[in-house]
Asks: 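Here it is, the structure in full.
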Amino acid sequence: MRSARTAAPRALTASGLVSPPPRGSCFPGSAEAAAAAAVAAGWRGQGWRGQLDARSGVPGAMACSIVQFCYFQDLQAARDFLFPHLREETPSGALKRDPSKSNWEDDGWGTWEETEPQEPEEDGNSCKTQKTSWLQDCVLSLSPTNDLMVIARGQKAVFLVPKWKHSDKGKEEMHFAVGWSGCLNVEEGEYVTSALCIPLASQKRSSTGRPDWTCIVVGFSSGYLRFYTQNGVLLLAQLLNEDLVLQLKCRTYEIPRHPGVTEQNEELSILYPAAIVTIDGFSLFQSLRACRNQVAKAAASGNENIQPPPLAYKKWGLQDIDTIIDHASIGIMTLSPFDQMKTASNIGGYNAAIKNSPPAMSQYITVGSNPFTGFFYALEGSTQPLLSHVALAVASKLTSALFNAASGWLGWKSKHEEEAVPRQKPKVEPATPLAVRFGLPDSRRHGESICLSPCNTLAAVTDDFGRVILLDVTRGIAIRMWKGYRDAQTGWIQIVEDLHERVPERADFSPFGSPQGPSRVAQFLVIYAPRRGILEVWSTQQGPRVGAFNVGKHCRLLYPGYKIMGLNNVTSQSWQPQTYQICLVDPVSGSVKTVSVPFHLALSDKKSERAKDMHLMKKLGASLKAKAPNLDLIETEIKELILDIKYPATKKQALESILASERLPFSCLKNITQTLMDSLKNQELESVDEGLLQFCANKLKLLHLYESVSQLNSLDFHSDTPFSDNDLAVLLRLDEKDLLKLQALLEKYKQENSRAAVRFSDDKDGVLPVKTFLEYLDSEKDVISVKKTGEEECVALGSFFFWKCLRGESSAEDMCRTLESVGLSPQLLLSLLLSVWLSKEKDILNRPQSVRCLYTMLHLLSKMKVAIEETWDSQSVSPWWQQMRAACIQSENSGAALLSAHVGHAVAVQISNSLTEKKFSQVGLGPDSEALTDSWEALSLDTEYWKLLLKQLEDCLLLQTLLHSRVNPSTARGSSLQAEPLPRLSVKKLLEGGRGGIADSVAKWIFKQDLSPEVLKWANKERDAENPDEPKEGSSRGLSEMTEVETDLGAIPDLLHLAYTQFPCSLELDVLHAHCCWEYVVQWNKDPEEARFFVRSIEHLKHILNAHVQNGIALMMWNTFLVKRFSAATYLVDKVRSCLCVCDVGMSDTAMASFLSSCWDLLQTLMEADVSRDEMPVPVLDTEDAWLAVEGPTSIVELALDQKPVHYPLVEHHSVLCAVLCAITRFSLKAVKPLSLFDSKGKNAFFKDLTSIQLLPSGEMDPNFISIRQQLLLKVVSAAVQARHGVAKDRDSSEEAPSPPFEKDQDWPVLALDLAHHLQVSEDAVRRHYVGELYNHGADHRGEEAILQVQDKEVLASQLLVLIGQRLAHAVLRTQTREGLELLARLPPTLCTWLKAMNPQDLQNTEVPIATTAKLVNKVIELLPENHGQYSLALHLTEAVEAIAIPPL
């Protein structure tokens, strides 16, 4: 046999398969001729990126291509698991994309010589080589549905499942990720030798073509065949032969292409060194389903034990052959009568008898040695199928089931159980002898693999000589050989021709005698040569090479040769299984690729009209990209090319490419399309493709429309008619007052809107490229529609049609007449008109005369046919006007929407009046017709809808104007949350926002501007003036406070007042404060470091007047945002840590102090609201008449009113804890555990629902708790006095936490007294300590005031005596001067001894004048009774103070 490189291309036979060469001429032709023909026909090996077509490869593709359809998420992890010795640090970015982008044309033909490549020399880098070629040493299998991949080596296996993942470019890509990994061996010493992934069909009728699940079949060296689920759960194990499993292959059901083809049954074939076992597919399918159900039931209940049906199999012992490496099960075949007689004569001689009907036989082909290829034939019915009991891998108990399933996952098994109960191997049935009938004898050649074609007629065999041999399976002969493919891997691709692409001009083109016969099928052989790293695609049987790719030297070519198991001739009719035919696994790039081959590559050059058309398409593409100075030459060349194309589908594709070109002017496009149209009309009617003819006609129609509109827009048309305000009022049917109101509202909106955004002028308004015009519009029959209905497309088309008309620069009448004549519906034109009007808001507001142009255009559109139905009456809603109202409702440009609604209302009234006059004139009512017209107008349902819409748009416009207004930037705070822009409003958004949508929008704007609650109250002063009965407390104070910021607010107070007037219910002050409170706390929750947001939220909460609303909002805030953080802060402070942790609570120390202070304010407000709610009624929430139809979420106020009343003692209990935490964090108190102040009842009641009734502490408290509480309160008082009256030097060295700038000063001594009351601590003790701390810090004037509150003044006087002694000791003993010693000598001895015992270092302020101390001594004498034990000491102190005060002479 000669080399394949001398093979000449052959034509397809009538059966769709490539015919064999005639006998005696094996491989005629030359390689150079085949290569030249391939290049001339435009066959390139370039990779093509696109979607696959299951029938005909790639639509529009001209050459073979490799398409990457999946990637590996972490292939290195699988390699490290299977090859532990290769585990090392590897760059994570190694598995990205395939670096080999070159194609077979870029390499010279000289690189593929006949000579064999030299074997690489063995050196010390074998481990490095194995790191890239490790996949060659593994057992690999991929499910044909691409839902499971198995990689196994030795005893280990990895199951990979696909997952969708976003790539770096943002596209979704499928990645294989490890789903399960573990050891599969059960017998000692066995290892995996073969594996298959078989998808099983779903039994549900609604299945879409995807398998129900995929079974993994694994063959072992022990002879066992085991079946697993995708999760590694062992379903069943079978020992059919006590020998090494060499190969597993599967055959699934295929619908026969011709009536004479034998229908093949499904089967699984297992090859052993001397036997072949075939398991019936139906029996296997039922057994696997039963075993899977058994596992599921065992896992669910643990007591089910269902025996699945036995497996039906046949076992053949292969004889007369030395070694077997691979096999192929051809299936059942029936000989022709001639072959039957020839076979009978060869076996039985001249006198052999034959049966009347040829017997059915199962054919098997093996490859190995002696013979190199063996052909076996087993007569059907000669032996009965063997029945094997399924060796269940699941037990009746759940534990056993889980244990057996997990043993494979974790790599451990129950050794003790195996030793206790010896495992008995199942009985192995003997094989039925089957002798080889004939073969291809070649003693020196050893076969390595065999790959059967999809139609079971050809097979590719590889050998150890580096040859690939093509076998004719039916005749048993070799028909072709390829040289130089050592270690080759082979596969097949079968492509079905698309019937719609055949040329209709030639009636004899179909091999079946009709223009549209059965689809032809072409087969291509794919050969991967790993030694050279190339992948080649060859046309069979004798065709040329049609593609070659450089893919790397370490890939694996996978060709399953089967699809989904479980289908039959009935169920397969409705199934469209999504399976691949062949794929290439590249471990270097970490990708899985498939090969796509167009059908036309199977055709010979002489008959490949498609190939010629593809060549012309390439030439056309080059012409469209070329820059030629002479457009006439380009136009002529393009005309010739498109006329030479034969296929209608290609012709259509060529015209689409031409029309999509940006280089060709409009005149060229029109001329080329007209030329193609004329050529089609000149052909015979029978040979003209109707679809192509209609396509050309539609495109010509669109081109003529483009030309007409462009001409109208280019005319110099200007309307010189003046347009005054009076004309505008008459046009819109408004009186002078309403017009002035509308103009003032629009002027404010325009001013604020111009500040909110900047728009650059667009000089291309009204200009649309012809390419874009054709992309947006579609013509079918007599109707033109818009293909892309997005906002951008509608605005572009609307600008092209109407913008010149709206500016008064084009004739509206001519434009409407032109558009109506081509079949554009009035509804579509109205939609385009409103799109451009609503999108050009700024231009429209600056050109009042545009309103008149819109009126004219809308009136003309309304007069078109089918715009307004003639049967429309006043009691029904017109779909025409409803469409316009819907566009206005959805628009976010409120100014343009309001103007268009006024125009629409005016046109609707004018048309309805004219229809009414016509109606009454026919009745003949005479002079009373005008009065009846007016009454009909009032009763018109459309008119009422227009009035409602005008009111809604006016409200929306005012609200949008308010939201566009901004405070002076100098006063704005710098938060990123406040810098985010507000979404624009529309009537639709407000209607869908619920009853609180309006207040919610305003609250978001207030948050962005950071307006204080006083601003809202001050802006509402005029409304308060209208209600003189309401009290005016604090109004003068609010006005005085607002004078400072009034200059920075600009027009905001006026706009707020207008909004209050426009929305008296939705923006009622309590409602607005409630929404502001909620908005601020929501934004604070996003960034807890912004403590001022929470503070401002509490301010709004306090401004809510109604206690019911205040109570509900406060409770919702506590439950939603605060209680979790509050509990975390409590437990964190209770840990006695030096500083608060941001990760534990989510905020810093400073923010924590403000948070706790605001929580205390909230709890106080909640208690006050709970007390006040019984004294005031529940508010009634009303809605403005124009907004009664609102739908959407429940408003915050409604939710607040639905809240349950709180349990006052529980709130008070939390308030005490919060106050304690505030004091600890405010003054950085050390070694204080707040929870230790409460007993078990108190601790258990914390952080519970405030509306629930909890068991709280009552009665007398344990003295130990009271002592701890008193110590804490005294520390708080000391820290508070130190913070307020401490001297500078002490304050500098103090560790006191700085007070946040937004935190108001708290009267901590008063708060400590209040806490003493709740904590059962003596209040008088706290007061005495407070007085002592004041005197200790030198604040004697405040101490005198605080003494009045003390009840036990004797104890206080004794404490103050000590402080006096410390002051005197510091004055006398501070310096050892002569004067001081003389003074000390004059004092009584007892007093001297007492002074020396005093410690002046305890004094916080030693700079107190002696005169002030004298007053304190006199105060103490007043407090002490004369019979008190320390009264005499006080008198002595008086003398001492006087002596110190009088200077010595």
Asks: Which atoms form the tightest heavy-atom contact between P1234 and T1130, and what is the distance?
Replies: CG-O, 4.3 Å
Asks: Does Y1080 have R1092 sitting over its ring (NZ/CZ under 6.0 Å from centre, angle to axis within 45°)?
Replies: no
Asks: Compare all side-chain heavy atoms of W1160 with those of L1311 and state whether any distance is below 4.5 angstrom.
Replies: yes
Asks: Indicate whether any N or O donor in one side chain lies under 3.5 Å from an N or O acceptor in the other, for E1184 and S1066.
Replies: yes
Asks: For K1017, is there an ion pair with E1014 - N to carboxylate O distance below 4.0 angstrom?
Replies: no
Asks: Side chain of Q1110, backbone of L1101: donor and acceptor closer than 3.5 Å?
Replies: yes
Asks: If I compare all heavy atoms of L1210 with all of L1256, which pair ends up nearest, and what's the gap?
Replies: N-CD1, 3.9 Å
Asks: Over all heavy atoms of both residues, which pair between M1398 and P1400 is shortest? Give the atoms and the distance, please.
Replies: O-CD, 3.4 Å
Asks: For D1314, is there any backbone N or O sitting under 3.5 Å from a side-chain donor or acceptor partner on H1318?
Replies: yes
Asks: Under a 3.5 Å distance rule, please check whether E1068 uses its side chain to pair with a backbone N or O of D1070 as donor and acceptor.
Replies: yes
Asks: For the atom pair CG (L1272) and OG (S1236), what is the distance rounded to the nearest 0.5 Å?
Replies: 8.5 Å
Asks: Could you tell me if the side chain of L1016 sits less than 4.5 Å from the side chain of H1100, heavy atoms only?
Replies: yes
Asks: Looking at CZ of R1327 and CD1 of I1347, how far apart are the two atoms once the value is rounded to the nearest 0.5 Å?
Replies: 13.5 Å
Asks: When rounded to the nearest 0.5 angstrom, what distance separates OG1 in T1251 from NE2 in H1207?
Replies: 10.5 Å
Asks: Would you say the side chain of W1308 lies within less than 4.5 Å of the side chain of Y1330, judging by non-hydrogen atoms?
Replies: no
Asks: Check step by step if ring pair (Phe, Tyr, Trp, His ring centres under 6.0 Å) holds for F1121 and W1078.
Replies: CA-CA 10 Å; F1121 303 107; W1078 192 258; 5.2 Å; yes
Asks: Quick one, T1225 and F1155 - any side-chain contact, counting heavy atoms below 4.5 Å?
Replies: no
Asks: Using modelled atom types and a 3.5 Å cut-off, is there a donor and acceptor pairing between side-chain atoms of H1329 and backbone atoms of L1274?
Replies: yes
Asks: Testing the basics here: between A1107 and M1176, what is the closest heavy-atom pair and its distance to 0.1 Å?
Replies: N-SD, 3.0 Å
Asks: Would you name the heavy atoms of L1273 and A1312 that are closest together and state the gap between them?
Replies: CD1-O, 4.0 Å
Asks: Do we get R1125 above W1084's six-membered ring, with its NZ or CZ under 6.0 Å from the centre and within 45° of the axis?
Replies: yes
Asks: Going by the angle between their ring planes, with limits at 30° and 60°, are F1247 and H1214 parallel, tilted or perpendicular?
Replies: perpendicular
Asks: Treating E1333 as the side-chain partner and V1281 as the backbone partner, does any N or O pair qualify as donor plus acceptor under 3.5 Å?
Replies: no
Asks: Side-chain contact, heavy-atom cut-off 4.5 Å: F1246 with L1217?
Replies: yes
Asks: Strictly distance-based, threshold 3.5 Å: is any side-chain N or O of N1244 a donor or acceptor partner for the main-chain N or O of S1240?
Replies: yes
Asks: Taking side-chain hydrogen bond (donor to acceptor under 3.5 Å, both in side chains) as the cut-off, I'd like each qualifying pair that reaches into residues 1164-1174, sequence neighbours left out, listed once.
Replies: Q1164-S1215
Asks: For the CD1 atom of I1006 and the CZ atom of R1096, what is their distance to the nearest 0.5 Å?
Replies: 10.5 Å
Asks: Counting only heavy atoms not in I1253, do more than 12 fall under 6.0 Å of its CD1?
Replies: no
Asks: Would you tell me whether S1358 and Q1430 have side-chain atoms, one donor and one acceptor, within less than 3.5 Å of each other?
Replies: yes
Asks: Hey, are D1324 and S1322 close enough side-chain-wise for a donor-acceptor pair under 3.5 Å?
Replies: no
Asks: Are any of the side-chain heavy atoms of P1257 and F1238 separated by less than 4.5 Å?
Replies: no
Asks: Side chain of S1127, backbone of K1124: donor and acceptor closer than 3.5 Å?
Replies: yes
Asks: Donor-acceptor check, side chain of H1213 to backbone of P1209, threshold 3.5 angstrom: yes or no?
Replies: no
Asks: Rounded to the nearest 0.5 Å, what's the gap from CG on D1182 to CG on L1188? Could you check?
Replies: 9.5 Å
Asks: Are E1212 and M1167 close enough that some pair of their side-chain heavy atoms sits under 4.5 Å apart?
Replies: yes
Asks: L1334 versus D1340: any side-chain heavy-atom pair under 4.5 Å?
Replies: no
Asks: Is it true that E1198 and R995 make a salt bridge, defined as a side-chain N closer than 4.0 Å to a carboxylate O?
Replies: yes
Asks: Quick one: does any side-chain atom of S1001 pair with a main-chain N or O of G997 as donor and acceptor, under 3.5 Å?
Replies: yes
Asks: To the nearest 0.5 Å, what is the distance between NZ (K1004) and CD (E1079)?
Replies: 4.5 Å
Asks: Can you give me the closest heavy-atom contact between S1154 and V1095, atom names plus distance?
Replies: OG-CG2, 3.6 Å
